Amino acid sequence: MMVNDHIHAALARERRDTLVAEAAAARPARPARARRLQAGATPGNRTVLRDGSHVLIRPVRSTDAPLLADGFARLSATSRWMRFLTPKKELSPAELRYFTDLDHHDHEALGALDHRDGRGVGVARYVRQADDPWGADVAVTIVDEWQGRGLGTELLARLSDRAREENIRRFTALVAAENVAVGGLLRNARARLVGRESDTLEYEISLVPATGQARVPGALLPR
């Protein structure tokens, strides 16, 4: 390796460390709410979707692995491929732990439960990027029979609010090119197309609210 390469590598490490330090300094002390989420005291709100159906939306708990496995089992093979960009028949125990044992800071997920039977019908999650403390990867998954009701829009809006609380400034989403539904969801959230491969599209959503712009959530019902 040449001397210039050493210098560039050192500068890159310094810049990365500076960004991490700035992000940590900009974050307020962990609120009691975050500590309650980690402890399992996860509040939720009943919400009415645009088709009149009701769901409970709340942070995912470490005890939600059975709910997540049940929801995954009710996804069609196409929906599973669209989510993971590879054929997938089931979630392993390690994957279930990863998707449910969250710190609610660098890794957050909001789940939607059918208010009639308590089964999971959708999840939106972000994972902060290791090389960019201001950015996070985002994904939204909706059980097939609940698609087209506005649930994805509501989950993404609420997850965006949570991300702002954790000082995340942008979401990045990698989507199958033929996934028209999620592509539309992201564009409605003002996502920009920033990358394109033969079978995938990459979108970016800025989480800095525009002047005078406020999201309109679904109607909230008493808990």
Side-chain angles (χ1 to χ4, degrees), residues 16-17 19-24 26-28 30-31 33-40 42 57-65 67-69 71-72 75 79-86 88 90-112 120 122-143 151-176 179 182-183 185-186 189-195 197 200-208:
R16 179 200 62 203
D17 293 342
L19 287 173
V20 172
E22 289 175 348
R27 287 194 295 270
R30 299 296 298 281
R33 179 179 185 277
R35 293 194 295 271
R36 289 197 304 271
L37 294 180
Q38 287 183 315
T42 51
I57 296 178
R58 63 163 174 78
V60 168
R61 302 168 178 163
S62 59
T63 55
D64 283 339
L67 279 174
L68 190 65
F72 182 85
L75 290 174
S79 291
R80 295 176 189 176
W81 188 90
M82 293 287 191
R83 169 63 178 86
F84 292 96
L85 300 178
T86 187
K88 196 169 188 63
E90 62 182 8
L91 296 175
S92 69
E95 288 171 324
L96 288 171
R97 284 194 300 273
Y98 174 77
F99 286 135
T100 57
D101 190 10
L102 316 178
D103 64 9
H104 301 287
H105 169 58
D106 292 328
H107 187 177
E108 178 65 290
L110 301 180
V123 176
R125 77 175 60 244
Y126 74 70
V127 179
R128 196 186 302 264
Q129 296 167 358
D131 60 349
D132 180 4
W134 310 113
D137 297 316
V138 65
V140 180
T141 307
I142 308 297
V143 171
L151 179 55
T153 298
E154 186 66 23
L155 283 171
L156 181 59
R158 289 170 181 257
L159 188 69
S160 298
D161 290 343
R162 276 292 297 124
R164 291 186 185 96
E165 292 175 357
E166 298 298 340
N167 211 30
I168 291 173
R169 299 179 181 178
R170 69 188 70 84
F171 278 158
T172 299
L174 188 65
V175 181
N179 196 337
V182 170
L185 168 67
L186 296 172
R190 300 180 182 272
R192 297 185 302 114
L193 181 64
V194 295
E197 298 292 340
T200 59
L201 302 175
E202 184 176 0
Y203 291 93
E204 183 176 283
I205 301 175
S206 172
L207 297 182
V208 178

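Predicted model, so just to flag it, every value in this text is computed and none were measured.
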4.5 Å side-chain heavy-atom contact, [X] and [Y]:
{"X": "Arg125", "Y": "Glu108", "result": "no"}
{"X": "Met82", "Y": "Val182", "result": "no"}
{"X": "Arg164", "Y": "Leu159", "result": "no"}
{"X": "Val123", "Y": "Val140", "result": "no"}

[X] side, atom [atom1]; [Y] side, atom [atom2] - distance, nearest 0.5 Å:
{"X": "Ile142", "Y": "Leu75", "atom1": "CD1", "atom2": "CG", "value": "9.5 Å"}
{"X": "Thr100", "Y": "His107", "atom1": "OG1", "atom2": "NE2", "value": "9.0 Å"}
{"X": "Arg170", "Y": "Arg192", "atom1": "CZ", "atom2": "CZ", "value": "9.5 Å"}

Taking all heavy atoms of [X] and all of [Y], pick out the closest pair and write down the distance.
{"X": "Tyr203", "Y": "Leu201", "answer": "OH-CD1, 3.6 Å"}
{"X": "Val138", "Y": "Ala173", "answer": "CG1-CB, 3.8 Å"}
{"X": "Leu193", "Y": "Gly195", "answer": "CD1-O, 3.5 Å"}
{"X": "Gly120", "Y": "Leu67", "answer": "N-CD2, 3.9 Å"}
{"X": "Ala112", "Y": "Leu151", "answer": "CB-CD1, 3.7 Å"}
{"X": "Asp101", "Y": "Ser62", "answer": "OD1-CB, 4.3 Å"}

_Ring geometry between Phe72 and Phe84 (parallel below 30°, tilted from 30 to 60°, perpendicular above 60°)_ =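 Ring orientation, 0 to 90° scale: perpendicular.
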*asked:* Quick test of your reading of the model: are Arg128 and Asp103 salt-bridged, counting only N-O distances below 4.0 Å?
replied: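 Judged by the 4.0 Å cut-off on N to carboxylate O distance, Arg128 and Asp103 do not form a salt bridge.
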*Are the charged groups of Arg158 and Asp161 less than 4.0 angstrom apart, N to O?*
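Salt bridge flag = no for Asp161 with Arg158.
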*Do Arg169 side-chain atoms and Ala163 backbone N/O form a donor-acceptor pair below 3.5 Å?*
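Such a contact is absent between Arg169 side chain and Ala163 backbone.
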_Test of understanding: with salt bridge (charged side-chain N to carboxylate O under 4.0 Å, His left out), list the residues that count as partners of Glu202, not counting sequence neighbours._
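Scan of Glu202 (salt bridge (charged side-chain N to carboxylate O under 4.0 Å, His left out), adjacent residues dropped) gives none.
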*For Arg80, which residues count as a side chain to side chain donor-acceptor pair (under 3.5 Å) partner, sequence neighbours excluded?*
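Applying side chain to side chain donor-acceptor pair (under 3.5 Å) to Arg80 gives none.
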